[in-house]
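Below, chain A is the first sequence line, B the second, and so on; all start at residue 1.
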There are 2 protein chains.
Amino acid sequence: MLTKQQLEEFEAEAGMMYLDHISIDCVVFGFHEGQMKVLMLKSNNEEAWYLPGGFVMKQEPIEVAANRILATRTGLDKVFLKQFHVFGDPDRSKIHNEMYSEVLPAGNNFFTQRFISIGYYALVDFFNVIPTPDVFSEICTWRDLDDLPKFQLDHELIFRTALDTLRLQLSYQPIGYNLMPKEFTMPELQKLYETILGKKLDRRNFQRRILGFGILNKLEQTRKGGAHKAPYLYSFDLKKYQAALKEGLKSGW
Amino acid sequence: MLTKQQLEEFEAEAGMMYLDHISIDCVVFGFHEGQMKVLMLKSNNEEAWYLPGGFVMKQEPIEVAANRILATRTGLDKVFLKQFHVFGDPDRSKIHNEMYSEVLPAGNNFFTQRFISIGYYALVDFFNVIPTPDVFSEICTWRDLDDLPKFQLDHELIFRTALDTLRLQLSYQPIGYNLMPKEFTMPELQKLYETILGKKLDRRNFQRRILGFGILNKLEQTRKGGAHKAPYLYSFDLKKYQAALKEGLKSGW
DNA sequence: TCAAAAGTGTTTTTGATACACCCATGT
DNA sequence: ACATGGGTGTATCAAAAACACTTTTGA
């Protein structure tokens with residue numbers, strides 16, 4: 001938690017560096033132990049959690065800003081990041097505004113203005129992320145998709161919209177390269193799809209379809225140590241994967 | 001074309017009314033005589049055309065702003081309007097900035113600041129639109145999709161992104177209610193799809209598929225006066241249409 | 001040795017595509 | 001009467017969905 005003085009200093013600096021009225025919020029999806037996760041933050045003296053976010057520097061492209069914000073929260077560079085919606089209700093930051101206007105001097109100041117937030121969602125490799133709190137929080141950690149906390153502001157809407165977009169994306173784009181480790185088994189990849197979609201898929205049909213996309217390399221080795229028959233390992237064929245991203249998986253018409 | 005004084009007055013007013021740094025651009029699609037059209041504007045003393053656009057009032061939701069901007073250019077209220085992308089490159093309004101900084105006093109002024117533009121696309125009934133120029137232009141008119149003029153700024157990118165989004169949309173959402181008149185024939189609807197997609201479709205398969213969606217009502221009457229067999233008239237079943245919008249037309253997985 | 005997970009099929013159903021025939025209408 | 005566009009139907013093919021059997025492995 002910031003002291004009043006720290007907040008005032010930060011406010012003054014922010015007003016110099018950043019564009020007014022524009023913020024960025026990121027929904028960072030990760031996958032671990034068969035569970036879909038979102039990266040979230042929390043301050044010790046608030047109950048509700050919020051999404052990683054930030055502002056756009058005066059001469060910075062918004063994509064660069066989103067990457068920078070993500071990098072500072074995760075330690076990651078160059079991840080899959082996609083703009084999905086703009087949240088522009090004038091009341092969306094009301095509670096926040098009221099909170100800060102108690103602490104900060106009245107009148108124009110950076111934090112109490114109206115913000116229009118550009119939503120990005122990211123797909124990242126769980127193991128590479130080093131969750132890093134921002135200046136407003138002490139806690140930055142993964143939350144299970146089926147055990148979500150109370151959200152601040154409209155962050156629940158932002159999260160839900162991101163998830164819906166991701167699900168839709170799944171039907172015409174390959175997904176997984178950014179979420180899975182280098183090598184993985186077919187059941188592991190299936191679990192990812194099932195988690196995103198929130199439903200069970202047929203093992204055999206899933207395998208046929210995924211292989212049909214032609215974006216996987218089957219490796220020689222198997223994943224040993226499991227309690228049952230050892231599954232084969234696969235990796236993504238990056239070239240073909242990226243081609244599929246461009247072309248799309250099915251034409252529609 | 002505005003005089004220098006008019007521009008200065010408008011600038012001062014805009015700075016009071018509107019949020020800094022945020023603009024809205026609309027790609028308005030219409031359909032007439034088997035041709036897809038976009039609504040565009042042009043000033044007499046500039047060569048390049050631009051898209052209908054505007055700014056967000058200080059306490060106005062962005063959806064409301066987009067609707068207001070559209071309403072002032074078309075006379076329409078409550079049309080299909082969808083946010084599709086944010087354009088946030090710091091150089092995107094460079095040329096504009098330079099242009100205005102010649103005319104307007106140096107230093108901070110509304111028109112020479114950096115703008116991040118929220119792109120909306122609209123699907124409207126051609127016949128209901130009354131194209132209305134804005135304060136910067138004398139011409140506001142429909143342009144054929146296959147006879148497009150030179151664009152200002154990054155408006156070509158905005159237009160192309162809108163078209164791509166619309167095409168993608170077509171594969172998982174019904175379209176047409178907002179573009180077609182109340183009553184229409186199957187060949188007319190097919191022409192719409194063909195124009196959006198930029199390719200020919202099989203007459204019989206198209207009909208089967210569209211009817212399969214269950215969003216059309218077949219009317220008793222036929223469209224007479226044509227030089228051939230009179231085609232049946234159809235209308236959209238609004239209830240089922242909106243349900244299909246929500247559900248999507250195919251699941252994917 | 002057996003339960004559970006994984007590999008590898010086949011059958012069935014559905015939807016997309018391609019194609020054929022007849023009907024109505026204005027010239 | 002005929003060319004043209006429109007209504008309706010069928011054959012074919014490919015992909016999705018449903019389903020079955022065998023293999024491997026640790027407990």
Tell me whether the count of non-hydrogen atoms from other residues, nucleotides or ligands lying under 6.0 Å of OH in Y177(A) goes above 12.
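Check fails, neighbour count at 12 or below.
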
Just how far, in rounded Å, is [atom2] of [N] from [atom1] of [X]?
| X | N | atom1 | atom2 | value |
| --- | --- | --- | --- | --- |
| K229(A) | dC21(D) | NZ | C1' | 12 Å |
| L211(A) | dA16(D) | CG | C1' | 15 Å |
| E194(B) | dG5(D) | CD | P | 13 Å |
| K199(A) | dA16(D) | NZ | C1' | 12 Å |
| M186(A) | dT8(C) | CE | P | 10 Å |
| F206(A) | dA5(C) | CZ | P | 17 Å |
| R209(A) | dG9(C) | CZ | P | 21 Å |
| E188(A) | dA5(C) | CD | P | 14 Å |

Ring-plane angle category for F236(A) and Y241(A), please: parallel below 30°, perpendicular beyond 60°, tilted otherwise.
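F236(A) vs Y241(A) ring planes: perpendicular.
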
Those residues at least two apart in sequence (or on a different chain) that pass salt bridge (Lys or Arg N to Asp or Glu O under 4.0 Å) with R203(B) are none

Closest-nucleotide mapping onto DNA chain C: is A230(A) or A230(B) further toward the 5' terminus? I mean the 5' end.
A230(A)

Among dG5(D), dA4(C), dG26(C), the one nearest A227(B) by side-chain distance:
dG26(C)

What nucleotide among dT25(D), dG5(D), dG7(D) has an atom nearest to a side-chain atom of P231(B)?
dG7(D)

Strictly under 4.0 angstrom, non-hydrogen atoms only: write out the protein contact profile of nucleotides 8-15 of chain D, one letter per nucleotide from the 5' end, B, S or -.
BBB-----

For Y120(B), which of H85(B), K82(B), E63(B) qualifies under side-chain hydrogen bond (donor to acceptor under 3.5 Å, both in side chains)?
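Of all the options given, the one that passes is E63(B).
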
Any chance you could lay out the salt bridge (Lys or Arg N to Asp or Glu O under 4.0 Å) test for E188(A) and R223(A), step after step, and finish with the verdict?
CA-CA 11 Å; E188(A) 284 165 2; R223(A) 164 98 73 228; 3.0 Å; yes

Just checking Y193(B) against F206(B), ring centres under 6.0 Å apart?
yes

Which distance, rounded to the nearest 0.5 Å, do you find between the NZ of K42(B) and the CH2 of W49(B)?
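Answer rounded to 0.5 Å: 6.5 Å.
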
